[in-house]
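Taking it in order: structure first as structure tokens, then the write-up.
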Amino acid sequence: MRRARAALVRCPADCGQADPVHTYRDVSFADGLISPDQARIALALPPLLGPGTRLLHVGVGCSDLAVTFAAAIARIDGITVMADEHATAEALALPNYQVWTMNKHALAFAALPGPYDLIVDNNPGSFACCRRHFRFTVERYARLLAPGGRLLTDERGARWRQPGGLSLRWREWARVGRSLGLKPERVSETVWAWRKPGG
């Protein structure tokens, strides 16, 4: 029933807001819950990491990526729209981990420092308010990536959407990436990437 309802509510071309508020209506992941798509991205990360890696985690949840990888990389930044997820991140007090309460589709997202070698977003279009602001977000991702950097997602999270959000199948993922000047890649059976040229 939920899938049928989601299919009937399409992602609008434009929500009409200059600076949209978030439309996230899923659960908080602050208490340790990790989605299967997030877990698969975490398994794909180690070969892509090095001591100088700068990583942005979009939707930090229980900060599992920071707990697992912060000690092995240079920096990890994160954003979330959930106050309890932000509080969980702050309580870790990791010296190279910083989290902002922020909607990735809002204008404030453009102020993130970057550049990043890796950006992780397991729900790139799932909670988009409209296609215009989705485009704003992915264009910002392309600018935030360092040369040779990758944005990672997982097929499950990319294809899932709440009513009004945007579902991305591989063909759409590849098309959007190429339109941004990024190379679509399959990192594993389910983990997809956009890679920025250079580096």
Is there any salt bridge (charged side-chain N to carboxylate O under 4.0 Å, His left out) pair reaching into residues 109-120, and which pairs are they, with sequence neighbours excluded? R54-D117
Which atom of V67 lies closest to which atom of L92, heavy atoms considered: CG2-CD1, 3.8 Å
Verify the cluster assignment for F109 and L55: are they in a single hydrophobic cluster under the rule of side-chain heavy atoms below 4.5 Å apart? no
Spatial distance of atom NE2 (H133) from atom CG (L166) [nearest 0.5 Å]: 14.0 Å
T137-H105 side chain donor-acceptor pair, cut-off 3.5 Å: yes
Taking atom CG of L45 and atom CG of L152, what is their separation to the nearest 0.5 Å? 6.0 Å
Please tell me whether L168 and Y141 are part of a single hydrophobic cluster in this structure, the criterion being side-chain heavy atoms less than 4.5 Å apart. yes
Heavy-atom check, side chain of L43 versus side chain of V191, under 4.5 Å: no
Would you say W100 ends up clustered with M82 if hydrophobic residues are merged whenever their side chains have heavy atoms under 4.5 Å apart, either directly or through other cluster members? no
Contact check, side chains of R135 and L180, non-hydrogen atoms, under 4.5 Å: yes
When you measure from the side chain of S126 to the backbone N and O of G157, does any donor-acceptor pair fall under 3.5 Å? yes
Hey, any chance V187 and I119 share a hydrophobic cluster, counting ILVMFWY side chains that come within less than 4.5 Å of each other, even indirectly? no
Report yes if the side chains of T80 and V99 come closer than 4.5 Å at any heavy-atom pair, otherwise no. yes
As an exercise, state the distance from SG of C62 to CD1 of I34, rounded to the nearest 0.5 Å. 4.0 Å
Any idea which heavy atoms bring N103 and V21 closest together, and the distance? ND2-C, 3.5 Å
W192 and E155: CA distance, side-chain angles, deciding distance, side-chain contact (heavy atoms from CB on, under 4.5 Å) verdict: CA-CA 7 Å; W192 303 343; E155 180 179 14; 3.4 Å; yes
From I41 CD1 over to L118 CG, what is the distance, rounded to the nearest 0.5 angstrom? 11.0 Å
Heavy-atom side-chain proximity of L112 to L56 below 4.5 angstrom: yes
Can you list the steps and then say if K104 with F127 is a side-chain contact (heavy atoms from CB on, under 4.5 Å)? CA-CA 10 Å; K104 68 183 179 183; F127 307 103; 5.8 Å; no
Side chain to side chain contact (heavy atoms under 4.5 Å, CB included) involving T88 - partner list, sequence neighbours excluded: A30
Could you measure the distance from the CD atom of E139 to the CG atom of L144? Nearest 0.5 Å is fine. 12.0 Å
Tell me every residue that passes salt bridge (Lys or Arg N to Asp or Glu O under 4.0 Å) with R132, counting only those two or more places apart in sequence or in another chain. D14
Distance, nearest 0.5 Å, that separates CH2 of W170 from CZ of R186: 5.0 Å
Provide the full list of side-chain hydrogen bond (donor to acceptor under 3.5 Å, both in side chains) pairs with a residue in residues 38-52, sequence neighbours left out, each pair given once. Q38-H57, R40-D154, R40-T190
Going by the rule salt bridge (Lys or Arg N to Asp or Glu O under 4.0 Å), which residues pair with R143 if we only count those two or more places apart in sequence or in a different chain? none
For the student: nearest non-hydrogen atoms of T153 and D121, plus distance: OG1-O, 2.8 Å
Any heavy-atom pair between the side chains of L182 and R195 that's under 4.5 Å? no
With a 4.5 Å heavy-atom cut-off, do N123 and W160 have their side chains touching? yes
Less than 4.5 Å apart, side chain to side chain, heavy atoms only: is that true for V176 and W194? yes
Go through the steps to decide whether V60 and I79 satisfy the test side-chain contact (heavy atoms from CB on, under 4.5 Å), and finish with yes or no. CA-CA 6 Å; V60 297; I79 66 170; 6.0 Å; no
Under 3.5 Å donor-acceptor, K196 side chain and A142 backbone: yes
Within 45° cone of W173 ring axis and under 6.0 Å: R178 NZ or CZ: no
Side-chain contact, heavy-atom cut-off 4.5 Å: R156 with P36? yes
Using the side-chain hydrogen bond (donor to acceptor under 3.5 Å, both in side chains) rule, collect all pairs that involve residues 60-79, keeping only residues at least two apart or in two chains. S63-Y97, R75-D77, R75-Q98, D77-Y116
What are the two closest non-hydrogen atoms of F136 and A106, and how far apart are they? CE2-O, 3.3 Å
Derivation of the side-chain contact (heavy atoms from CB on, under 4.5 Å) call for V81 and M102: CA-CA 5 Å; V81 296; M102 181 185 297; over 6 Å; no
Under the salt bridge (charged side-chain N to carboxylate O under 4.0 Å, His left out) rule, what do E172 and R175 come out as? Steps first, then yes or no, please. CA-CA 5 Å; E172 179 74 0; R175 185 192 65 77; 2.8 Å; yes
Restricting to non-hydrogen atoms, name the atom on I73 and the atom on I76 that form the minimum distance, rounded to 0.1 Å. CD1-CB, 4.2 Å
Work out which heavy atom in C129 is nearest to a heavy atom in P20; give both atom names and the distance. SG-CB, 3.7 Å
